[in-house]
Amino acid sequence: MSDSVDAIFNKTKKGKALFQNRNALSTEFVPDHLPFRESQTENVAQVLSPALLGSKPSNLLLYGKTGTGKTAVATFVVHKLRTQDDTKQIVTAYVNCRLAGTEYLTLARIAEALPMDKDKRIPLTGLSLSEVSSRIFDTISKHAIHLILVLDEIDYLVESTDETLYKFTRSGEDTAPGFLTIVGISNDLRFKERLGARVLSSLGEEEIIFPPYTMEELRSILEERTKIAFRAGVIPQSTINLCAALAASEHGDARRAIDMLRVAGDVAERDGRQSVDEDSMRKASEKIERDAVEVALHSLPLQNKMIIIAASKFPGGTNTGELYLTYVNIAKKSSVEVLTQRRVSGIIAELDTLGLLEAAIVSKGRKGRTKRIKLLVDDDTLRRVIGDDAELLELH
DNA sequence: CCTCCACTGGAAACCTAGGCTC
DNA sequence: GAGCCTAGGTTTCCAGTGGAGG
């Protein structure tokens, strides 16, 4: 027992020769220079600069696909802004609206960044959205805060209505003498269509587009990053090239490329290798794919999991009606409340956007219209994840 | 060219949990 | 502690709809 533990630790110590600064590859790491994003960085800085003189900057929207540097640029500039702030009134907050979950929780996260009075704290549930908003505005006003609010994946805040954003963009009087400026980040280019004209005109005062990185740019970014993260000579050029090529095929996603680099380093370490070779990189690419699916599956609500299980009974694909019948059987057997078909149809659409299954509307003429549904999770992964779910275990 | 299936997806009503007020 | 209020999830209701078969 203790021998095997020693073995693991020894291996890790030996493998440590590969990494020099593993943190440089973590998602939170913000480099002191963002290559190929100079113009966007300057743009954002330009727009936000009035805050240093105590006046309210324009709201700002950043657009671009995932991993094109939007979040990095925003956090980079906002961080600089805070360190240069002589007015001591600037407060910055970063909230990812998708990770926050609901509109309410997004507001609660914003409040966390502010010095809320004891009686103004935000409980987990129970308040109305307008009550939460006005508590936030009151705090900004009372402490004369100049809030720079970065809302990542802002499209998730507008799923039903843009009411909250409207309030935030028109909060001028409620927050005086403080103010609040929104830096919205979206990777959905159609997001603007869901905004009413009144919100769009003030939120979209300034817009900055982030194009995907080319393979050459990715390679250069990776080279720069490996110099910080790995010891010299442990990562050959061919591995970096492969990593850049893999990421470029995924619409130039730099975050993914850097993740792969980190995981490849871990893989090589665990295998006790002396360098991060192409084989480790390929393994890393697969592992990231698998892990993403597992995390998504794991965090799914019970009902959604049952629909996935029902879909797994049809390896060749199925349609809504058939899937629903199977789902009903499974739900009854495990004595879980049975949802209506309308709701199940909605959940299928949600699972589709999560990429766990593929649902395409097809018309079969006389036989009506339905969704052709195909599960994208393989059996092994499914069993591994659903396996820990005690309630679902009963029915296997 | 028309029908009519098997749904889709919008809208509104309903339900539940939990904080607030008095 | 009763009664009120709201967010978020769900149900109910229903007006569409693309295209194979007639």
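Numbers restart at 1 for each chain; the letters A, B, ... are given by sequence-line order, proteins then strands.
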Can you confirm whether more than 12 heavy atoms, excluding those of A/Glu38, are under 6.0 Å from its CD atom? yes
Is there a salt bridge (charged side-chain N to carboxylate O under 4.0 Å, His left out) between A/Glu286 and A/Arg282? Walk through the geometry before answering. CA-CA 6 Å; A/Glu286 284 162 27; A/Arg282 288 216 174 75; over 6 Å; no
A/Cys243 side, atom SG; A/Leu261 side, atom CG - distance, nearest 0.5 Å: 5.0 Å
Is there a salt bridge (charged side-chain N to carboxylate O under 4.0 Å, His left out) between A/Arg198 and A/Glu163? Walk through the geometry before answering. CA-CA 10 Å; A/Arg198 46 181 206 168; A/Glu163 195 57 38; 3.5 Å; yes
Of all of residues 314-324 of chain A, which get a heavy atom below 4.0 angstrom from DNA chain B, listed by number? A/Asn319, A/Thr320, A/Gly321
Between the side chains of A/Ser238 and A/Glu278, is a donor N or O closer than 3.5 angstrom to an acceptor N or O? yes
Tell me what A/Gln341 touches on the nucleic acid: a base, only sugar-phosphate, or nothing, going by heavy atoms under 4.0 Å. sugar-phosphate
Nt span of DNA chain C in reach of chain A heavy atoms at under 4.0 Å, 5' end first, is C/dT6 to C/dG21
For DNA chain C, which residues in residues 104-112 of chain A have a heavy atom at a distance below 4.0 Å? A/Tyr104
Apply ring-ring contact (aromatic ring centres under 6.0 Å, His included) to A/Phe230 and list each qualifying residue two or more places apart in sequence or on a separate chain. A/Phe19
Going by the side-chain hydrogen bond (donor to acceptor under 3.5 Å, both in side chains) test, name the single residue among A/Asp152, A/Asn96, A/Thr27, A/Thr66 that passes it with A/Thr71. A/Asp152
Can you check salt bridge (charged side-chain N to carboxylate O under 4.0 Å, His left out) on A/Glu350 and A/Arg343, steps first, answer last? CA-CA 11 Å; A/Glu350 286 168 31; A/Arg343 180 64 191 130; 3.5 Å; yes
Considering only NZ, NE, NH1 and NH2 on the basic side and carboxylate oxygens on the acidic side, decide whether A/Asp279 and A/Arg273 come within less than 4.0 Å. yes
Can you list, in residue-number order, the parts of residues 352-360 of chain A that come under 4.0 Å of DNA chain B, counting heavy atoms only? none
So is A/Arg109 actually on top of A/Tyr104's ring, under 6.0 Å and inside 45° of the axis? no
What do the steps show when you test A/Tyr156 against A/Glu103 for side chain to side chain donor-acceptor pair (under 3.5 Å), and what is the final call? CA-CA 8 Å; A/Tyr156 283 82; A/Glu103 218 170 326; over 6 Å; no
Could you tell me whether A/Val338 contacts a base, only the sugar-phosphate backbone, or nothing, with contacts defined as non-hydrogen atoms closer than 4.0 Å? sugar-phosphate
I'd like to know if the side chain of A/Ser280 pairs up with that of A/Asp277 as donor and acceptor (distance under 3.5 Å, no hydrogens or angles considered). yes
Closest nucleotide of DNA chain C for A/Gly126 versus for A/Glu103: which of these residues is on the 5' side? A/Gly126
N-O pairing of A/Arg98 and A/Asp155 below 4.0 Å: no
Tell me, please, the opening and closing nucleotides of DNA chain B, 5' to 3', among those with an atom under 4.0 angstrom from a non-hydrogen atom of chain A. B/dT3 to B/dC20
Hey, is A/Arg82 close enough to A/Asp85 for a salt bridge, meaning N to O under 4.0 Å? no
pair A/Asp162-A/Phe168: side-chain heavy atoms closer than 4.5 Å: no
Please work out if A/Leu124 contacts a base, only the sugar-phosphate, or nothing of the nucleic acid, heavy-atom cut-off 4.0 Å. nothing
